[in-house]
Asks: 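Provided herewith is a single structure, encoded as structure tokens, for subsequent inquiry.
To find a chain, count down the sequence lines: A is the first, B the second, and so on, and within it residues start at 1.
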Number of protein chains: 2
Amino acid sequence: MADGAALDYVRDQVGRALDEFLRRQRGVLPGATAELLPGLDALSGLLAGGKRLRPAFCYWGWRGTGAMDCPQLIRAAAALELLHASALVHDDVMDSSDTRRGQPSLHRRFAAYHAELGWRGSAESFGMGAAILMGDLLLSWTDEMFHSSGLALDALSRGQRVLDLMRSEVMAGQYLDLLAQATGDGSVASALRVVEYKTAKYTIERPLHLGAALAGAAGGIPRAYTDYGLPLGVAFQLRDDILGMFGDPAKTGKPASDDLREGKRTVLLAITQARATPQQAAIIDRTLGDPNLDEAGVANVRGVITSTGALAECELMIDRHLARALDALKDAPITAEARDALAELAVAATARHD
Amino acid sequence: MADGAALDYVRDQVGRALDEFLRRQRGVLPGATAELLPGLDALSGLLAGGKRLRPAFCYWGWRGTGAMDCPQLIRAAAALELLHASALVHDDVMDSSDTRRGQPSLHRRFAAYHAELGWRGSAESFGMGAAILMGDLLLSWTDEMFHSSGLALDALSRGQRVLDLMRSEVMAGQYLDLLAQATGDGSVASALRVVEYKTAKYTIERPLHLGAALAGAAGGIPRAYTDYGLPLGVAFQLRDDILGMFGDPAKTGKPASDDLREGKRTVLLAITQARATPQQAAIIDRTLGDPNLDEAGVANVRGVITSTGALAECELMIDRHLARALDALKDAPITAEARDALAELAVAATARHD
């Protein structure tokens, strides 16, 4: 099953499980359904997008141990999509981002709703409040969906410990990211540490570990998943950095200026700064966090990234990290099917065109 | 054990369990301890306060079934304090509140930290971002503490369903509250519905149900807890409304103007509006949500609340609801010890002086 169709299969099944979960939630609070529906609709819209990357890694982490495909595991894996949606909703509030997955971000959507209906008070405050609450709801639902997946209680208990660690790590990573923006720490080391927590562990290593823990595997299998997951996570984030700066907004779902405007200390920019002349460094410094950044400003930064050779260095780093990840798969004590699927996922997650 | 000392006992034990949990968290991410410590210290400070009301109801919900006192249950009950702290942190961000439990609110604390260290960008945005993340962490820790309590897996699985419902209800209640502020729906019915979700179920009924579910009780016991918990919840919230308007800020931990400035549609104000002359109603309308509200403005509102007879009506409602709650205890099929403790908790939670 491990060809492109295998990845599509997981994506479809996870989408169905999320639909079913959301449908069930509509009936949970019968006394407040009418008022809550616009919020639930907005969440359904947000959850309809997404590449289901974390559930896919969880699924193949499970399958790699020899455990069989089953709807219970799909539901537990799909819970990671709720966790991720929660992080995106709160991230967009924190960064004041206007768009997400090519649509208005949740807080903007609620603010527009407030304005449309001519309600009292500040539409922006209402949007922010509603989005914070929706993110909290998604975070609570992560556990609800995980624990109502139908997997055995001892499996869930093993998985819970990975889920706990994963959440602490991603929240710590986000805080370190915030700190780096605030302190202006633009070193490559600092950016790579944020990537380790926020991406490599959260997106790849821990979802694989979760699948393995649910299946009861310990020792060599989770170790192999770490050896594959951490370099792949770096490669994946570097690709994301590059797409964020040079990609087609229609495909990334965000304008290219967003990372810059928010002052994100990406690895791509850290490498650029490390290679830049003082004049080039000043261009980046001036641009990072500038709320009025225009297209010309973005073009200037693109020019510096390219001419310093940082872009080429990042492409090389992606190749090297991807190779390490694929190499780790070779001796991994996992099923051949999972090995093939994980190799395919690695290539897909780091490909130039999304 | 059901005298004042019994309530102190639960409070102390819950405090200890939280301390132990927080201490453990300090070691979870060794690679980022130094940067995360100020955040963890702020959370410890916040969690040191609080009346441990929800854990107390969970504890007595468990004891009422005849189940024995044990540290595992204390830990599971203490998890509710993390959930509540998360709600408070996010609430303060949503309401732009400056103080909580007599100290600066978490987002203000992080903003001050940013300003003190002279970091880049907006101190306010940093404070908001950090507080959103800390609230998310507290919400995640709720599950972590609950599931690592040491209770049997089947007990936790039964409890999980109550915890799921409780979180959905409180978040829905908060959203309905936000809606009422936005639409200007000042009816007593709307305010009472918010109280049902945000307070009566969340603070009293569901914690009792959680204790009962963990102990494996169904039927008569949870029904009795509902009969006791829902009216007590209304009485408790009305007392809170009155303390918020007339109480000593040194005891409530918040200035009296906060509810008004935030435009909170409390039951006390809804009753006032229903009894007010057009002139009196105009005073309340003008004041609600006024960011520049001063002491004279607060005094005006106090005058209207008193002279319309709304204050006296609320006191009567508290007495009536408290009596119903105490009455429900009489025939409740629970242990005598729990009956006494719950009667005491009911009186303490609705007393004029906190």
Asks: Only pairs of heavy atoms separated by less than 4.5 Å count here; which of B:Ser140, B:Gly263, B:Gly184 has the most with chain A?
Replies: B:Ser140
Asks: Output, in order, the C-alpha distance, side-chain angles, deciding distance and verdict of side chain to side chain contact (heavy atoms under 4.5 Å, CB included) for A:Asp136 and B:Asp136.
Replies: CA-CA 7 Å; A:Asp136 288 347; B:Asp136 288 347; 3.6 Å; yes
Asks: Fit a plane to each ring of B:Phe110 and A:Tyr175, take the angle between them on a 0 to 90° scale, and name the class: parallel (under 30°), tilted (30 to 60°) or perpendicular (over 60°).
Replies: perpendicular
Asks: Check each atom of B:Leu165 against the heavy atoms of chain A and say whether the ones under 4.5 Å are side chain, backbone, both or neither.
Replies: side chain
Asks: Where do A:Leu176 and B:Glu35 come nearest, in terms of heavy atoms and distance?
Replies: CD2-CB, 3.6 Å
Asks: Calculate, to the nearest 0.5 Å, the distance between atoms CZ and CD belonging to A:Arg120 and B:Gln181 respectively.
Replies: 10.5 Å
Asks: Heavy-atom cut-off 4.5 Å, strictly under: side chain, backbone, both or neither for A:Asp154 against chain B?
Replies: both
Asks: Between chain A and each of B:Leu36, B:Val28, B:Asp91, count heavy-atom pairs under 4.5 Å; write down the option with the most.
Replies: B:Leu36
Asks: Run the side chain to side chain contact (heavy atoms under 4.5 Å, CB included) test on B:His90 and A:Leu133 for me, step by step, so that the C-alpha distance in whole Å, both residues' side-chain angles and the decisive distance to 0.1 Å come before the verdict.
Replies: CA-CA 8 Å; B:His90 282 178; A:Leu133 287 174; over 6 Å; no
Asks: Might you point out which heavy atoms bring A:Leu178 and B:Ala130 nearest each other, and give the distance in Å?
Replies: CD2-N, 3.4 Å
Asks: Taking every non-hydrogen pair under 4.5 Å, which of B:His114, B:Arg161, B:Glu169 racks up the most with chain A?
Replies: B:Glu169
Asks: To check you understand the geometry: which heavy-atom pair defines the closest contact between B:Ala182 and A:Trp119, and what is its length?
Replies: O-CB, 3.3 Å
Asks: Identify the heavy atoms of A:Met128 and B:Met94 that sit nearest to each other, and give their distance.
Replies: CE-CA, 3.9 Å
Asks: Nearest 0.5 Å, please: how far is OG in B:Ser168 from CD in A:Glu144?
Replies: 5.0 Å
